[in-house]
Amino acid sequence: DAGITQSPRHKVTETGTPVTLRCHQTENHRYMYWYRQDPGHGLRLIHYSYGVKDTDKGEVSDGYSVSRSKTEDFLLTLESATSSQTSVYFCATTGTGGYEQYFGPGTRLTVT
Amino acid sequence: AQRVTQPEKLLSVFKGAPVELKCNYSYSGSPELFWYVQYSRQRLQLLLRHISRESIKGFTADLNKGETSFHLKKPFAQEEDSAMYYCALYNAGNMLTFGGGTRLMVKP
């Protein structure tokens, strides 16, 4: 499991509120990713990080921001949650030179 | 732009029947392709990658550059194969592009 945990595992929030999801890894992997999983769309990349304080946008970054102040933590923030952001969010990591991505258990977010 | 297409959202077969999960890709370079699997209540995990040419849990996948396909096959499906399967294409910069996924249901 590459020591990847996500918190919270489940969250229900109201439209318009900010939400922060946390991904924590113990493998000292350089690269970290946030995906959302939706039926019919598979996994879509939201943001990724290639080092501390180094982040970039993915395919579906609108409405999301990220921060990485330590190697082990990668935070995903929904600045003002909307119902379209109801989804399952997965964090993943990979080491330098590696192809395989290791995934966290996921966070199920419901925006009402 | 790179793209991965899995045309079947759901594939239902009987135990012991052959299985083929389709994956097509578009990529201008030399592709690196993977199959990931997500069993019920488990996290996504790598099943196999094309360059290793391994058979994992009886599954194989052959890269066909002419048809730009990377279909996943198993000659005799088992109930424990029931899961969500994702085809993925490696991009420069350590990123993966995933297909939409295929849910495989193996009926007894």
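Keep in mind the model is a prediction, meaning the values are calculated, not measured. We name chains A, B, ... by the order of the sequence lines, and we start the count at 1 in each one.
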Undergrad: Give a yes or no on whether A:E14 atom CD has more than 12 heavy-atom contacts from other residues, nucleotides or ligands under 6.0 Å away.
TA: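 Count not over threshold, so no.
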Undergrad: Which residue out of B:R49, B:Q45, B:K9 racks up the most heavy-atom pairs below 4.5 Å with chain A?
TA: B:R49
Undergrad: Could you name the residues of residues 34-42 of chain B that have a heavy atom within less than 4.5 Å of a heavy atom in chain A?
TA: B:F34, B:Y36, B:Q38
Undergrad: Is B:Y90 linked to B:L48 within one hydrophobic cluster, defined over Ile, Leu, Val, Met, Phe, Trp and Tyr using a side-chain heavy-atom separation of less than 4.5 Å?
TA: no
Undergrad: What residues of residues 71-91 of chain A sit under 4.5 Å from chain B when you count only heavy atoms?
TA: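 Answer by number: A:F90.
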Undergrad: Say whether B:L72 and B:Y27 are linked into one hydrophobic cluster, either directly or through other cluster members, by side-chain heavy-atom distances under 4.5 angstrom.
TA: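 They do share one cluster, since a chain of ILVMFWY contacts under 4.5 Å joins B:L72 to B:Y27.
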Undergrad: Counting C-beta onward and ignoring hydrogens, is there a side-chain heavy-atom pair between A:I4 and B:R43 closer than 4.5 Å?
TA: yes
Undergrad: Name, in order of residue number, those residues of residues 35-46 of chain A that have a heavy atom at a distance of less than 4.5 Å from a heavy atom in chain B; otherwise write 'none'.
TA: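 Answer by number: A:Y35, A:Q37, A:G40, A:H41, A:G42, A:L43, A:L45.
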Undergrad: Decide side chain to side chain contact (heavy atoms under 4.5 Å, CB included) for A:Y33 and B:N94; before the verdict, give the C-alpha distance in whole Å, the side-chain angles of both, and the deciding distance to 0.1 Å.
TA: CA-CA 10 Å; A:Y33 313 83; B:N94 281 77; 3.4 Å; yes
Undergrad: Which residues in residues 95-108 of chain B have any heavy atom closer than 4.5 Å to a heavy atom of chain A?
TA: B:M95, B:L96, B:F98, B:G99, B:G100
Undergrad: Side-chain heavy atoms nearer than 4.5 Å, only ILVMFWY residues, links allowed to pass through others: does that put B:L89 and B:L63 together?
TA: yes
Undergrad: Do the side chains of B:V4 and B:M84 join up, straight or via other hydrophobic residues, at under 4.5 Å, putting them in one cluster?
TA: no
Undergrad: Please answer: with hydrophobic residues joined when any side-chain heavy atoms are less than 4.5 Å apart, are A:V66 and A:V60 in the same cluster?
TA: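 Yes, A:V66 and A:V60 fall within the same hydrophobic cluster.
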